[in-house]
Number of protein chains: 2
Amino acid sequence: MTLKRRKNRTPHPMCPLSDCMAFIGGAWTPNIIWYLSSGPRRFSELRADIPLVSAKVLTQRLRELEERGILSRAVLDTSPPSVEYALTDLGLEFMPVIQAIAEVGQRLKDKAAAAA
Amino acid sequence: MTLKRRKNRTPHPMCPLSDCMAFIGGAWTPNIIWYLSSGPRRFSELRADIPLVSAKVLTQRLRELEERGILSRAVLDTSPPSVEYALTDLGLEFMPVIQAIAEVGQRLKDKAAAAA
DNA sequence: GGGCGTGGTTACCGGCGAGATACTTCATTC
DNA sequence: GAATGAAGTATCTCGCCGGTAACCACGCCC
């Protein structure tokens with residue numbers, strides 16, 4: 001799922017699951033959408049939000065997501081120029097998925113904590 | 001995201017998003033869970049359900065999911081012996097995510113159709 | 001005014017996950 | 001006796017992803 005129509009990732013053309021995963025399946029994509037859901041953020045803020053992503057991959061993912069219309073990219077003419085990313089309306093469509101992922105992840109964590 | 005604790009895929013240890021994606025991020029994983037959600041299915045049925053997945057990857061994914069307790073594997077002594085896979089209770093926990101993915105995928109497809 | 005830090009991006013290299021295709025084993029069926 | 005079907009395994013290749021390093025334009029500091 002990261003495609004130029006991320007060609008090889010969960011293709012299965014007629015399947016809504018695969019269609020959606022083609023957008024959010026790329027590494028770190030859910031995290032990026034999550035952190036942008038509370039408002040626009042700059043590149044370096046996203047790096048701080050998601051410390052384990054490398055700058056290279058973050059750039060790649062942001063470019064892909066922009067290309068697909070999930071987020072917008074605006075260069076601010078500060079110096080040095082910084083770049084602000086924001087979810088588009090299309091990007092907001094994915095929030096139910098991101099939220100479900102976060103909730104299930106939290107529930108699993110709670111269970112693990114309760115079991116320990 | 002798909003791991004032996006799929007090591008390099010969305011690690012970010014403290015994040016519920018990454019925790020959940022570590023389970024369902026592997027290629028074809030959402031599809032497998034989706035088709036198992038309506039009841040146990042055999043290997044060859046899953047292959048027919050998801051025609052674009054190769055046998056190798058399907059085997060890998062099923063093994064991983066079994067190892068993590070998301071599904072169970074039962075060898076039936078028919079001849080030739082067949083193998084039946086079924087979601088466990090833990091596996092069922094992921095259904096909200098799978099459903100959200102399917103719904104958003106469907107909505108995107110509807111929009112695309114409406115736009116055309 | 002030359003070295004240094006900063007924000008964002010790109011180039012190069014290596015590992016491993018994933019796709020494609022072919023082959024295996026055993027028992028039934030024609 | 002050949003073909004078929006179930007459930008894989010083997011091999012090869014390709015592309016994503018991670019890490020490191022370099023890049024460019026600007027402002028700072030002594």
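Just so you know, these numbers use all the heavy atoms, side chains as well, and skip hydrogens, waters and symmetry mates. So you know, we letter chains A, B, ... as the sequences are listed, proteins then strands, and number each from 1.
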According to a strict under-4.0 Å criterion, is A:T78 in side-chain N/O contact with OP1 or OP2 of C:dG7?
no
Whole-Å distance, B:R47 CZ to C:dT21 C1', equals 11 Å
B:R42 meets the salt bridge (charged side-chain N to carboxylate O under 4.0 Å, His left out) criterion, sequence neighbours left out, with none
Sequence neighbours excluded and cut-off under 3.5 Å, please list the side-chain donor-acceptor pairs for residues 83-90 of chain B, or say none.
residue: B:Y85; atom: OH; partner: B:R73; partner atom: NE; Å: 3.3
residue: B:T88; atom: OG1; partner: B:G69; partner atom: O; Å: 2.5
residue: B:T88; atom: OG1; partner: B:I70; partner atom: O; Å: 3.0
residue: B:T88; atom: OG1; partner: B:L90; partner atom: N; Å: 3.4
residue: B:T88; atom: OG1; partner: B:G91; partner atom: N; Å: 3.1

In whole angstroms, the gap separating C1' of C:dT25 from CG of B:D77 amounts to 17 Å
Separation of D:dC26 atom P from A:L76 atom CG, nearest Å, is 16 Å
If you define the side chain from C-beta out and look only at heavy atoms, does anything of B:W28 sit under 4.5 Å from B:L58?
no
- Query: Does A:R63 make a side-chain N or O approach to OP1 or OP2 of C:dG8 shorter than 4.0 Å?
  - Reply: no
Would you tabulate the nitrogen or oxygen pairs shorter than 3.5 Å linking the protein to nucleotides 19-24 of chain D?
residue: D:dG19; atom: O6; partner: A:K56; partner atom: NZ; Å: 2.9

Of C:dG8, D:dT9, D:dC17, the nucleotide closest to the side chain of A:V57 is D:dC17
Atom CG of A:L58 and atom P of D:dC16 are separated, to the nearest Å, by 17 Å
A:R41 atom CZ is separated from C:dG7 atom P, nearest whole Å, by 14 Å
Residue pairs passing the ring-ring contact (aromatic ring centres under 6.0 Å, His included) test with at least one member in residues 93-116 of chain A, sequence neighbours excluded, are A:F23-A:F94
Below 4.0 angstrom from OP1 or OP2 of D:dA7, is there any side-chain N or O of B:S82?
yes
Phosphate OP1/OP2 of C:dG19: any B:R61 side-chain N/O under 4.0 Å: no
Protein-nucleotides 27-30 of chain C N/O pairs under 3.5 Å:
residue: C:dA27; atom: O3'; partner: B:S79; partner atom: OG; Å: 2.9

Side-chain contact check for A:F43: nearest option of D:dG18, C:dG8, C:dA18 is C:dG8
key: Backbone of A:G25 reached by a side-chain donor or acceptor of A:T29 within 3.5 Å   = no
Rounded to whole Å, CD of B:E84 lies from P of D:dA7 at a distance of 10 Å
_Side-chain N or O of B:Y85 closer than 4.0 Å to phosphate OP1/OP2 of D:dA7_ = no
Residues 37-61 of chain B vs ring-ring contact (aromatic ring centres under 6.0 Å, His included), sequence neighbours excluded, gives none
Contacts of B:K111 meeting salt bridge (charged side-chain N to carboxylate O under 4.0 Å, His left out) (sequence neighbours excluded), chain-then-number -> A:E93
The side chain to side chain donor-acceptor pair (under 3.5 Å) partners of B:E66 (sequence neighbours excluded) come to none
Which part of the nucleic acid, if any, lies within contact of B:R73, taking any heavy atom under 4.0 Å across all strands shown: a base, the sugar-phosphate backbone alone, or nothing? sugar-phosphate
Determine whether a donor-acceptor pair (N or O, by modelled atom type, separation under 3.5 Å) exists between the side chain of B:R47 and the backbone of B:V53.
yes
Rounded to whole Å, the CG-P distance (A:L62 to C:dG8) equals 10 Å
Sorted by chain and residue number, the side chain to side chain donor-acceptor pair (under 3.5 Å) partners of B:T78 (sequence neighbours excluded) come out as B:S82
Taken to the nearest whole Å, CD/A:Q60 to P/C:dT10 is 10 Å
Review point. Is any side-chain nitrogen or oxygen of B:W28 closer than 4.0 Å to OP1 or OP2 of C:dA18?
Key: no
Testing D:dA6, C:dT10, D:dG8 for proximity to the side chain of A:T59, the answer is C:dT10
